[in-house]
Amino acid sequence: MRIHILDSYEEMSIKAASIVASQIILKPDSVLGLATGSTPLGMYAQLVEMFRNKRIDFREVKTFNLDEYLGLAPDHPQSYNYYMNENFFQKVNVPRENINIPPGNPENIDTACLSYDRAIKEAREIDIQVLGVGTNGHIGFNEPDFKLKTETHVVNLTRETIESNSRFFASADDVPRRAISMGMGSIMRANKILLMASGANKAEVIRKTVSGEITTEVPASLLQLHPEVILVLDKEAGSYLD
Ligand code: F6R
């Protein structure tokens, strides 16, 4: 793993955006795996800025988002579809038809999971997968468990994730209990992984990700098996690393 520890959230966002931008400059038709949550917000803002300054062009880029809450329509303000449009897609030029986000209200969930995986396979490879990490070690919504799924699937969110994500909703009762998530296989098959973390509450999970036991109970620890992982952390998130 290559680890970058930056002094502030802003510097961390600039570093992550530069890594994604370099990928697109080197390969304009890159396939990006994208995450939501609070951590990558600054990175998206930097990428939008670079696009406005004509330093990057997303015309040939294709994207796959990691996850979506089940039961939320795309125009629900807490849906990840809405988040991506607000923070990124409506501000850059990724063609609509190149944007893939799991549906929150599919007619048939099994078919939706299968067709998401088919679309990923048709894209051939994810060049760079952006990840955040839950305090419990989840990546995407692959929650700690005694076994993990490789393909896109429905997840029952853990109490810790519901509590943690309740900050975006009126109360924990409003947080959807289920989500649809890309599986560990699709994440691990990405050519490169860029994992971002910010804040002291992520320090312990980052220590486990980098040097803890490799266990499905901490899904992020499986990244130790991936040949090309870049960690971009602020100093609080990196504070338990040697
Ligand atoms: C979101 C996602 C989640 C988040 C994680 C951290 O698409 O896949 O794994 O990355 O829950 O969320 P934040 O960044 O809000 O701490």
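Counting starts at 1 for both ligands and their atoms, following the listed order. Quick caveat, the model's predicted, so the values are computed rather than measured. Heads up: numbering here begins at 1 and tracks the sequence.
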Report task. Please state whether the rings of Phe64 and Tyr116 are parallel, tilted or perpendicular, taking 30° and 60° as the class boundaries. Result -> perpendicular
Query - Aromatic contact, Phe169 with Tyr69 (centres under 6.0 Å) - result: yes
Query raised in the report: Considering only heavy atoms, which of Gly140, Ser38, Gly134, Ala35 lies nearest to atom 3 (C) of ligand 1?
Result: Gly140
Query raised in the report: Where's the contact between Asn165 and ligand 1, heavy-atom distance under 4.0 Å: side chain, backbone, both or neither?
Result: neither
**Report entry** Note: Glu228-Arg2 ion pair, threshold 4.0 Å (strictly below)
**Finding:** yes
Query raised in the report: Just wondering, do Asn100 and Lys62 contact through their side chains at under 4.5 Å, heavy atoms?
Result: yes
**Report entry** Nearest protein heavy atom with distance in Å, relative to atom 1 (C) of ligand 1
**Finding:** Thr36 OG1, 3.1 Å
**Report entry** Sub-4.0 Å atoms of ligand 1 with respect to non-hydrogen atoms of Gly132
**Finding:** 10 (O)
Requested in this report: Using heavy-atom distances, let me know which of Met84, His138, Arg167, Glu143 sits nearest atom 11 (O) of ligand 1.
Outcome: His138
Report summary line: atom 6 (C) of ligand 1: closest protein heavy atom, distance to 0.1 Å, is Val133 O, 3.4 Å
Query raised in the report: Can you pull the salt bridge (Lys or Arg N to Asp or Glu O under 4.0 Å) pairs that have at least one residue in residues 183-194, sequence neighbours excluded?
Result: Glu151-Arg189
Requested in this report: Using distance alone, decide if ligand 1 has a nitrogen or oxygen within less than 3.5 Å of any nitrogen or oxygen in Asp67.
Outcome: yes
Report summary line: So the atoms of ligand 1 within less than 4.0 Å of a heavy atom of Gly37 turn out to be 14 (O), 15 (O)
Query raised in the report: Strictly under 4.0 Å, does any heavy atom of Lys202 approach an atom of ligand 1?
Result: yes
Requested in this report: Provide the closest heavy-atom pair for Gly212 versus Gln224 in the form atom of the first, atom of the second, distance.
Outcome: O-NE2, 3.0 Å
Please set out all donor-acceptor pairs under 3.5 angstrom arising from side-chain atoms of residues 32-39, sequence neighbours excluded.
from  : atom 1 : to     : atom 2 : distance (Å)
Ser38 : OG     : Arg167 : NH2    : 2.7

Query raised in the report: Which ligand 1 atoms are under 4.0 Å away from a heavy-atom of Leu66?
Result: 8 (O)
**Report entry** For Thr39, the ligand 1 atoms whose distance to one of its heavy atoms is below 4.0 Å
**Finding:** 13 (P), 14 (O), 16 (O)
Report task. Tell me whether Val130 is reachable from Ile56 by hopping between hydrophobic residues (I, L, V, M, F, W, Y) whose side-chain heavy atoms are closer than 4.5 Å. Result -> yes
